[in-house]
Amino acid sequence: MNLRNIAKKHEAFLGDKIQVYFTPGRVNLIGEHIDYEGGRVFPIAINLGTYAFVSKRQDSEFHFLSDNYMEFGTKIIKYNNLRSSIRKTNIISSEKSEKQENRKSSHFSSFLEDENFDREYNSPSNSIYDLNFYNADGWVNFPKGIIKYFLQAGADIPSGLNILIYGNLPKASGLSSSASLEVLISLVLKYEYSINTDLSEIANICKYVENKYMNVNCGIMDQFAVAMSKENHALYLDTSSLAYDYIPLYTGDYSFIITNTNKSRSLADSKYNERVEQCNTAKILINKNIKKLDYICDLSLEDFYDNLSIFNDKIIANRVEHIITENDRTKQAVLALKQKDMIKFGDLMNKSHDSLRYLYEVSCNELDTLVNSFRRHGAIGSRMTGAGFGGCTISLVKTSHIDEIITKVKSDYLKEIGYNASFYPVKACDGAKKLESEDIL
Ligand code: GLA
């Protein structure tokens with residue numbers, strides 16, 4: 001794929017003076033289904049992702065076109081530049097004074113916590129300025145949601161843009177194509193309008209849009225990883241404080257490999273929100289009977305086992321056990337990587353999968369088939385990654401045996417499931433960035 005050719009192909013849509021932006025997808029090495037319960041996660045950004053080719057417009061319209069969904073055509077969004085009217089205080093500001101810079105984070109958090117915020121963008125349904133969610137708008141809902149919340153936050157968007165999207169992440173594969181698109185559009189707005197915000201704030205806005213606009217109660221992992229990752233490193237993120245560290249991805253004689261079940265699913269129609277609900281039920285029980293806490297990860301394993309009887313529902317107890325043990329596994333895995341102990345790392349991956357399969361119940365036959373086959377053919381670790389219910393696995397295999405293992409797993413999967421899995425080598429990449437002209441050549 002050549003970026004210049006894509007720009008050329010869409011010359012009529014884009015015109016000249018094009019800027020190009022890229023955001024990766026992500027794969028999580030360990031720490032699954034704990035980012036909405038204050039847990040520690042350990043993702044990396046991958047070298048597949050989403051590109052935006054952008055040119056300026058003179059009017060108040062955004063024109064969207066996707067090279068991947070040409071049949072969907074060009075979608076036009078008209079908007080009101082709300083800057084002066086909607087908020088006296090600027091939450092996101094294009095003024096770069098030191099004072100603003102210092103005030104930024106507190107203002108920004110107040111926007112995320114303001115319950116009335118969602119009602120402030122005055123766009124009567126079905127008017128030409130309507131930035132609300134509609135199923136019929138398909139993928140364009142993501143950019144619409146981002147633009148809506150940037151406008152509400154006080155971003156000054158004096159004129160519109162033409163935005164052509166091209167992505168090479170496999171669709172609905174659990175490699176965060178949604179987060180990649182959300183962060184991408186935010187990055188475009190940041191640069192095109194000189195908005196004074198940074199990538200960690202952008203991750204927060206994107207999570208907010210996913211929760212409030214797309215109605216998926218996800219945690220912060222995907223948006224943060226897509227925005228903030230670093231080449232050749234994994235991102236160790238504490239989702240309760242957003243403290244993070246970059247850990248060199250030394251894997252010795254072993255390599256990670258991503259395998260796509262090619263069983264697609266979307267979080268909106270999976271049981272993802274149901275799991276989040278079950279965690280809320282568990283927290284009510286814990287708060288009433290053990291101690292007051294914000295997140296399940298604040299409960300120690302000891303306190304959990306000592307108080308097992310408060311969970312009269314075995315399913316709820318299982319969910320809690322997964323979350324607390326997975327959080328601990330992530331800590332151990334980071335230590336193992338630092339100590340270059342890949343056998344230990346692989347063992348923790350295996351335990352993580354088994355816990356997701358039996359306690360959290362987010363695996364499925366396709367994922368288990370891949371994991372079992374990888375383990376049978378010599379992987380030292382193999383697990384589902386991401387939300388589950390389909391999507392991808394990540395496995396740790398001897399680099400010298402990769403081709404042989406892939407051939408065997410491929411054949412097992414086809415025999416058992418009836419269609420092919422796809423395999424992707426893993427390279428840890430940088431997060432979101434504006435591309436320079438030499439990157440585009
Ligand atoms: C999805 C969500 C994340 C996280 C993972 C599971 O990718 O978007 O926030 O919860 O599932 O770890």
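Each ligand, and each atom within it, is numbered from 1 in the order the structure gives. Only heavy atoms go into these numbers, but all of them, side chains included; no hydrogens, no water, no symmetry mates. Just so we're clear, the structure is a prediction, and the values are computed from it rather than from any experiment.
The contact set between ligand 1 and M221, taken as ligand atoms under 4.0 Å from a residue heavy atom, comprises 4 (C), 5 (C), 12 (O). Listed by number with element, the atoms of ligand 1 under 4.0 angstrom from any heavy atom of Y36 are 10 (O). Of all atoms in ligand 1, numbered sequentially from 1 with element shown, those under 4.0 Å from a heavy atom of G386 are 6 (C), 11 (O). Ligand-side atoms of ligand 1 in range of G219: 9 (O), range being under 4.0 angstrom from any heavy atom. Each of the atoms 7 (O) of ligand 1 lies under 4.0 Å from some heavy atom of R26. Taking every non-hydrogen atom of Y272 and a distance limit under 4.0 Å, the qualifying atoms of ligand 1 come out as 1 (C), 2 (C), 3 (C), 4 (C), 9 (O), 10 (O), 11 (O).
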Check: K427 and E231: salt bridge (Lys or Arg N to Asp or Glu O under 4.0 Å), yes or no, with the steps?
Finding: CA-CA 8 Å; K427 179 169 164 18; E231 193 175 13; 3.4 Å; yes
Under 3.5 Å, which donor-acceptor pairs link side chains of residues 37-46 to any protein atom two or more places apart or in another chain?
| from | atom 1 | to | atom 2 | distance (Å) |
| --- | --- | --- | --- | --- |
| E37 | OE1 | K283 | NZ | 3.2 |
| E37 | OE1 | I296 | N | 2.9 |
| E37 | OE2 | K283 | NZ | 2.9 |
| R40 | NE | Y236 | OH | 3.3 |

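Not a single heavy atom of M384 sits closer than 4.0 Å to an atom of ligand 1. Heavy atoms of N28 stay at 4.0 angstrom or farther from ligand 1.
N141 places a side-chain N or O within donor-acceptor distance of the main-chain N or O of Y134, the cut-off being under 3.5 Å. Formation of a donor-acceptor pair under 3.5 Å by the Y79 side chain with backbone atoms of K148 is not found in this model. Remark: the backbone N or O of M221 is paired with a side-chain donor or acceptor of D35 at under 3.5 angstrom.
In the model, S355 has a side-chain atom that pairs as donor or acceptor with a side-chain atom of R329 under 3.5 Å.
At a 4.0 Å heavy-atom cut-off, ligand 1 does not touch Q223 at all.
Residues F72 and F64 keep their aromatic ring centres 6.0 Å or farther apart. Between Y413 and F423, the distance separating the two ring centers is not shorter than 6.0 angstrom.
The option from L356, I34, D222 that lies nearest to atom 7 (O) of ligand 1, judged by heavy atoms, is D222.
For ligand 1, the polar-atom distance check against G31 finds no nitrogen or oxygen pair separated by under 3.5 Å. Polar contact check, E32 against ligand 1: a nitrogen or oxygen pair lies under 3.5 Å apart.
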